[in-house]
Amino acid sequence: MKKEKREIVCFKIKFSKTIYLLCIAVFLLCAAGVGISVWRIARFGIGGFSDALKSPFLICICLFCIVLVISILVKSQYAVDDQNLITQYGFVKSKFAVKDMTSMVLNTETQKLSVYFGEQFIVLSTAQDWNEQLVRALLKINPNIDYSFTLTDTPQKEEKDEK
């Protein structure tokens with residue numbers, strides 16, 4: 001008798017504006033690197049052994065960086081299957097057993113979810129609307145996870161008495 005597999009639920013990773021700006025900077029630098037290398041090859045040719053290695057190598061490195069950044073932007077997610085929490089940043093995947101999770105804490109100010117495995121932990125960052133769905137998906141697999149959230153007091157603006 002086959003064990004029925006649960007479907008995988010995916011949650012997109014929320015990146016900050018700084019990460020998007022860094023990605024744009026990588027694209028621009030890599031495009032400049034490819035453009036300059038192609039221009040140098042077209043203008044001066046490949047003069048010697050050093051040039052034969054330098055320019056094509058720079059083009060390959062720039063293209064690799066572009067592919068890496070695109071893969072991170074397109075395929076960065078958290079996935080929950082029937083046993084694991086899977087974090088994926090482009091080509092890099094990590095699996096964490098949900099049965100080993102001891103607690104989760106949602107920081108309501110930053111909207112980041114800290115997941116604890118005893119002494120070790122990971123911090124997950126998704127869209128605010130998906131935090132509850134992610135927590136429910138994990139609790140469905142392991143209801144023994146202690147879930148809590150932080151409450152932050154909004155600082156009261158002191159009213160200045162006008163004299």
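Counting begins at 1 with the first residue of the sequence.
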K.L.:
Going hydrophobic residue to hydrophobic residue with side-chain gaps under 4.5 angstrom, can you get from I24 over to L68?
P.N.:
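Different hydrophobic clusters.
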K.L.:
Which atom pair, heavy atoms only, marks the closest approach of Y89 to S76?
P.N.:
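What the structure gives for the nearest pair is CA-OG, 3.6 Å.
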K.L.:
So do L106 and V135 actually touch side chain to side chain, heavy atoms under 4.5 Å?
P.N.:
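When only atoms from C-beta onward are counted, L106 and V135 do not touch, as no gap falls below 4.5 Å.
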K.L.:
Which heavy atom of C10 sits nearest a heavy atom of A79, and at what distance?
P.N.:
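Where C10 meets A79 most closely, the heavy atoms are SG-CB, 4.0 Å.
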K.L.:
To check you understand the geometry: which heavy-atom pair defines the closest contact between M104 and L138, and what is its length?
P.N.:
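Where M104 meets L138 most closely, the heavy atoms are SD-CD1, 3.6 Å.
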K.L.:
Is it the case that one hydrophobic cluster holds both W130 and I86, taking links as side-chain heavy atoms less than 4.5 Å apart, direct or via other members?
P.N.:
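As far as the 4.5 Å side-chain criterion goes, I86 and W130 are not connected within one cluster.
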K.L.:
Output yes when a side-chain donor or acceptor of E109 lies under 3.5 Å from a complementary backbone atom of Q111, and no otherwise.
P.N.:
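Not a single qualifying donor-acceptor pair exists.
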K.L.:
Give me the atom names and distance for the closest heavy-atom approach of Q133 to F11.
P.N.:
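In this case the closest contact between Q133 and F11 is CB-CE2, 3.7 Å.
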K.L.:
Count the heavy atoms belonging to other residues, nucleotides or ligands that lie under 6.0 Å from CZ of F117, then report whether that count exceeds 12.
P.N.:
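Yes, enclosed.
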K.L.:
Who passes salt bridge (charged side-chain N to carboxylate O under 4.0 Å, His left out) against E132, sequence neighbours left out?
P.N.:
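Partners of E132 by the salt bridge (charged side-chain N to carboxylate O under 4.0 Å, His left out) criterion, ordered by chain and then number, come out as R136.
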K.L.:
So, S125 side chain and K112 main chain: donor-acceptor pair closer than 3.5 Å or not?
P.N.:
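Flag not set: sc S125 to bb K112 has no pair under 3.5 Å.
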K.L.:
Rounded to the nearest 0.5 Å, what separates atom CG in L53 from atom CG in L58?
P.N.:
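Going from CG on L53 over to CG on L58, the span is 12.5 Å.
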K.L.:
Would you compute the distance between atom OG of S37 and atom CZ of F57 and round it to the nearest 0.5 angstrom?
P.N.:
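Reported value, rounded in 0.5 Å steps: 11.5 Å.
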K.L.:
Does the N142 side chain pair with the main chain of V98, one donor and one acceptor, at a distance under 3.5 Å?
P.N.:
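Present.
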K.L.:
For I141 and D81, which heavy atoms make the closest approach, and how far apart are they?
P.N.:
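I141 and D81 have their closest heavy atoms at CD1-O, 2.9 Å.
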K.L.:
Would you say that M101 contacts L85 through its side chain, given a criterion of any heavy-atom pair below 4.5 Å between the two side chains?
P.N.:
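A side-chain contact exists here, since the closest heavy-atom pair is under 4.5 Å.
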K.L.:
Please report the C-alpha distance between I70 and F27 in whole Å, then the side-chain angles of each, then the deciding distance to 0.1 Å, and finally whether the side-chain contact (heavy atoms from CB on, under 4.5 Å) criterion is met.
P.N.:
CA-CA 9 Å; I70 289 173; F27 283 129; 3.6 Å; yes
K.L.:
Looking at side-chain heavy atoms only, is the closest gap between K93 and K95 below 4.5 Å?
P.N.:
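The answer is no, as the side chains (C-beta and beyond) never meet within the 4.5 Å cut-off.
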K.L.:
Atom NZ of residue position K99 - does it have more than 12 heavy atoms of other residues, nucleotides or ligands inside 6.0 Å?
P.N.:
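For K99, atom NZ is not crowded (no more than 12 foreign heavy atoms under 6.0 Å).
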K.L.:
CG/N107 to CZ/F149 distance, rounded to the nearest 0.5 angstrom?
P.N.:
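Interatomic distance, N107 CG to F149 CZ, rounded to 0.5 Å: 12.0 Å.
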K.L.:
Nearest heavy-atom pair of Y116 and F121: which atoms, and what distance?
P.N.:
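So the two residues come closest at CD2-CB, 3.4 Å.
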K.L.:
Kindly compute the distance separating CD1 (I66) from CD1 (I61), expressed to the nearest 0.5 Å.
P.N.:
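Separation between the atoms: 12.0 Å.
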K.L.:
With side-chain contact (heavy atoms from CB on, under 4.5 Å) as the criterion, how do L113 and Y147 come out once you've worked through the C-alpha distance, each side chain's angles and the decisive distance to 0.1 Å?
P.N.:
CA-CA 10 Å; L113 181 68; Y147 173 64; 4.3 Å; yes
K.L.:
If you define the side chain from C-beta out and look only at heavy atoms, does anything of V115 sit under 4.5 Å from L124?
P.N.:
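Sidechains of L124 and V115: in contact.
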K.L.:
Hey, any chance V123 and I145 share a hydrophobic cluster, counting ILVMFWY side chains that come within less than 4.5 Å of each other, even indirectly?
P.N.:
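No, it is not one cluster - the side chains of V123 and I145 are not joined through contacts under 4.5 Å.
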K.L.:
Walk me through whether I59 and I41 qualify under side-chain contact (heavy atoms from CB on, under 4.5 Å).
P.N.:
CA-CA 11 Å; I59 292 171; I41 291 172; 4.3 Å; yes
K.L.:
As an exercise, state the distance from CD1 of I13 to NZ of K75, rounded to the nearest 0.5 Å.
P.N.:
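That separation rounds to 11.0 Å.
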K.L.:
Tell me, please, which residues at least two apart from F91 pass ring pair (Phe, Tyr, Trp, His ring centres under 6.0 Å).
P.N.:
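Result, ring pair (Phe, Tyr, Trp, His ring centres under 6.0 Å) vs F91: none returned.
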K.L.:
S94 side chain to T87 main-chain N or O, any donor-acceptor pair under 3.5 Å?
P.N.:
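Here the side-chain-to-backbone pair does not exist.
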K.L.:
Examine V67 and V26 and state if one hydrophobic cluster contains both, with Ile, Leu, Val, Met, Phe, Trp and Tyr joined whenever side-chain heavy atoms are less than 4.5 Å apart.
P.N.:
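Same cluster.
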K.L.:
How long is the gap from OG1 on T102 to CG on N144, to the nearest 0.5 Å?
P.N.:
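Rounded to the nearest 0.5 Å, the OG1-CG separation comes out at 11.0 Å.
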K.L.:
With no hydrogens and no angle check, is any side-chain donor or acceptor of Y78 less than 3.5 Å from a backbone partner on V9?
P.N.:
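It does not hold such a pair.
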K.L.:
Under a single-linkage definition using a 4.5 Å side-chain heavy-atom cutoff for Ile, Leu, Val, Met, Phe, Trp and Tyr, are V69 and I19 assigned to the same hydrophobic cluster?
P.N.:
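Cluster IDs for V69 and I19 match.
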